[in-house]
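Take a look at the structure set out below.
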2 protein chains.
Amino acid sequence: MDEFAILQSTPLFRGLSAADLDGLLGRLGAVRRSYNRGAVLVQAGQPSHSVGVVLAGAIEAARLGPDGSRLPITRMGPGGVFGDVLGGSSLTSPVTVTARAPCEVLLIPYDQLLRPEGSAAGQRVLQNLVRSISDKYFLLARRVDLLLLRSLRAKVSAYLLSEAERAGQLTFRIPFTRAQLADYLNCDRSALSRELGRMQREGLLDTYRSSFKLLQPDALRKLSQ
Amino acid sequence: MDEFAILQSTPLFRGLSAADLDGLLGRLGAVRRSYNRGAVLVQAGQPSHSVGVVLAGAIEAARLGPDGSRLPITRMGPGGVFGDVLGGSSLTSPVTVTARAPCEVLLIPYDQLLRPEGSAAGQRVLQNLVRSISDKYFLLARRVDLLLLRSLRAKVSAYLLSEAERAGQLTFRIPFTRAQLADYLNCDRSALSRELGRMQREGLLDTYRSSFKLLQPDALRKLSQ
DNA sequence: AAATTACCGTTGCGAGGGCAACAAAGCCCC
DNA sequence: GGGGCTTTGTTGCCCTCGCAACGGTAATTT
């Protein structure tokens with residue numbers, strides 16, 4: 001059963017041995033569920049009292065725009081953790097979570113997670129839970145930083161630089177299509193294409209589809225302000 | 001000692017009796033510190049391993065812009081909790097926390113907070129800690145929602161409606177000056193004044209300084225999209 | 001290979017809003 | 001009351017970027 005491998009790789013259970021996990025899951029009251037494609041795991045407007053870990057397949061969280069359109073927020077594959085931020089609050093879910101593909105999910109009651117049991121494993125999971133939420137906070141904060149930039153060129157420069165830093169090199173691929181990147185940066189897709197074209201003509205970068213190569217990172221750094 | 005009253009009102013210690021608190025603080029290894037105005041509590045770029053609770057006075061968190069200017073992020077008075085989000089991650093602080101006024105602060109080592117001790121009080125604090133971080137996440141998410149709106153009028157409408165909802169009435173005061181609100185909405189101050197003037201002339205609202213009165217909330221709701 | 005569907009680049013148009021500069025009004029302290 | 005500082009309103013200029021429409025290329029299906 002290599003499901004343990006996935007669990008050990010998920011942020012929530014990082015640092016635990018298979019033996020730790022085996023004992024822990026039972027005490028936490030974790031249950032395993034299967035969902036068909038399109039099934040709803042969490043309904044927007046409803047409270048949710050458990051943390052989910054994706055074991056197989058993929059899920060998607062989306063909101064309903066005021067006009068009724070679906071606004072995708074995020075997607076997760078095996079190892080993904082959802083419901084962690086919401087569980088901490090007393091709010092109802094702002095997002096609907098659906099199965100993007102047939103999937104297996106581990107559901108853990110939230111109150112059990114917060115119940116200390118003295119074991120080192122339980123403590124570690126707690127630490128991981130807090131870490132997981134904090135990481136999502138900083139992920140959001142990073143996006144705010146981008147959204148605050150005044151010009152489109154600054155947004156693009158800042159985003160590409162941060163991706164280059166994450167990749168550790170100046171040539172990298174981004175996890176977005178053009179349209180998705182435009183959404184992320186909150187700009188028009190054609191305007192984004194236009195700007196990328198300009199920057200390419202100016203010799204700042206090279207791009208084809210999701211692939212990017214930063215030619216003048218220092219110049220980009222100046223622009224990203 | 002009405003310091004207990006402040007502690008009991010802080011998100012971190014909500015729901016605890018004075019007796020609970022008395023025993024808990026010692027076991028958590030909490031220490032009390034005093035700071036003069038301008039003193040640095042947390043230095044940007046440095047890690048921080050404790051959660052702070054403001055007992056008296058006020059603190060301010062600020063970042064350094066790329067040009068070296070100070071960008072204030074948030075302010076906190078008695079009851080305010082800081083360092084909670086950061087402690088969950090392994091990052092260094094993105095903000096510098098300084099004393100805006102002479103202040104008293106309670107510092108609690110982060111690892112002690114995550115160490116379960118079986119007591120109901122400890123468990124409650126843990127729950128509160130997670131809640132505190134989650135709340136900050138949703139606060140940020142709320143701002144993202146505003147920043148994503150396309151037009152300035154939509155931003156203003158959405159912001160004012162949410163403030164009205166918070167206040168529970170259509171007449172209320174906002175915690176910002178014009179310039180601060182412009183920063184929050186990420187727009188130009190003069191553009192904001194212009195837009196507010198227009199909306200006032202159209203009979204949508206009334207405003208003087210920080211005071212607002214929404215005259216046509218339904219119309220604003222349509223605009224905030 | 002044709003057809004259908006994503007994905008991406010390009011361009012013209014026009015307005016929203018950034019920027020700068022100035023003026024008026026409120027506030028504080030002497 | 002008068003000088004200085006802060007906050008807010010106003011206005012002209014003009015550039016960026018949203019919007020809409022179209023064409024071209026890659027990916028996928030039949």
Side-chain angles (χ1 to χ4, degrees), chain A residues 60 65-67 69-72 75 100-101 146-160 173-213 222-225, chain B residues 65 67 69-72 75 100 146-160 173-213 220 222-225:
Chain A
E60 177 175 274
D67 53 348
S69 64
R70 257 176 84 270
L71 302 173
R75 294 177 175 183
R100 251 177 63 76
L146 287 179
L147 292 177
L148 287 181
L149 293 176
R150 294 302 189 171
S151 71
L152 182 47
R153 174 163 294 210
K155 287 183 185 179
V156 171
S157 299
Y159 173 74
L160 291 179
R173 314 193 75 230
I174 65 172
F176 291 135
T177 67
R178 283 284 178 282
Q180 288 170 336
L181 180 56
D183 278 347
Y184 185 73
L185 299 179
N186 196 35
C187 68
D188 186 73
R189 184 194 60 80
S190 72
L192 175 59
S193 267
R194 189 192 306 167
E195 194 58 44
L196 283 173
R198 268 203 284 259
M199 296 174 78
Q200 202 162 0
R201 252 171 276 132
E202 295 176 24
L204 292 170
L205 51 83
D206 238 347
T207 173
Y208 176 74
R209 302 239 153 188
S210 303
S211 299
F212 285 84
K213 182 178 189 179
K222 282 189 191 112
L223 290 172
S224 68
Q225 296 180 9
Chain B
D67 53 348
S69 62
R70 254 175 86 270
L71 302 173
R75 295 177 175 181
R100 251 175 61 77
L146 285 180
L147 292 177
L148 288 181
L149 293 176
R150 294 302 189 173
S151 70
L152 181 48
R153 173 163 294 211
K155 288 183 185 179
V156 171
S157 300
Y159 173 75
L160 291 179
R173 313 193 76 229
I174 65 173
F176 291 135
T177 67
R178 283 284 179 281
Q180 288 170 335
L181 180 56
D183 278 346
Y184 184 74
L185 299 179
N186 195 35
C187 68
D188 186 72
R189 184 194 59 81
S190 72
L192 175 59
S193 267
R194 189 192 309 169
E195 193 58 45
L196 283 174
R198 269 202 283 258
M199 295 176 77
Q200 202 162 0
R201 251 171 277 130
E202 297 176 23
L204 292 170
L205 50 83
D206 239 346
T207 173
Y208 175 75
R209 301 238 153 189
S210 303
S211 299
F212 286 83
K213 182 178 190 179
L220 291 179
K222 283 190 190 109
L223 290 173
S224 68
Q225 295 179 11

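Worth saying up front: this structure is predicted, and the values here are computed from it rather than measured. Order of the sequence lines sets the chain letters (A, B, ...), proteins ahead of strands, with each chain counted from 1. Scope of the values below: all heavy atoms of this structure, side chains included, with no hydrogens, waters or symmetry mates.
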Once you round it to whole Å, what is the distance between P of dA6(C) and CZ of Arg209(A)? 13 Å

Would you give the length of the straight line joining atom OG of Ser210(A) to atom CG of Leu181(A), rounded to the nearest 0.5 angstrom? 9.5 Å

Enumerate the residues from residues 187-199 of chain A whose closest heavy atom to DNA chain C is under 4.0 Å, giving them by residue number; use none for an empty result. Arg189(A), Ser190(A), Ser193(A), Arg194(A)

Rounded to whole Å, how long is the line connecting atom CG of Asp206(A) with atom P of dG9(C)? 12 Å

Rounded to the nearest 0.5 Å, what separation is found between the CZ atom of Arg153(B) and the CE atom of Met199(B)? 5.0 Å

Can you tell me how far the OH atom of Tyr159(B) sits from the CZ atom of Phe212(B), to the nearest 0.5 Å? 7.5 Å

Enter the distance from Ile174(B):CD1 to Arg209(B):CZ here, rounded to the nearest 0.5 Å. 12.0 Å

Asp183(A) CG to dG18(D) P, straight-line distance once rounded to whole Å: 12 Å

In this structure, how many angstroms lie between the C1' atom of dT6(D) and the CD atom of Gln180(B), rounded? 12 Å

I want to check something: taking the side chain as every heavy atom from C-beta on, are Leu185(A) and Leu149(A) in contact at a cut-off of under 4.5 Å? no

Which of residues 148-155 of chain A sit near DNA chain C, with a heavy atom under 4.0 Å from it? none

Verify whether one side chain among Arg189(A) and Thr177(A) offers a donor that lies under 3.5 Å from an acceptor in the other. no

Answer yes if the side chains of Ser190(A) and Arg178(A) hold a donor-acceptor pair under 3.5 Å, and no otherwise. no

Reckon Tyr208(B) touches a base, only the sugar-phosphate, or nothing at all at heavy-atom distances under 4.0 Å? sugar-phosphate

Contact check, side chains of Lys155(B) and Leu192(B), non-hydrogen atoms, under 4.5 Å: no

Are any of Thr177(A)'s side-chain N or O atoms less than 4.0 Å away from OP1 or OP2 of dA6(C)? no

Check whether any side-chain nitrogen or oxygen of Arg178(B) sits under 4.0 Å from OP1 or OP2 of dG9(D), and answer yes or no. yes

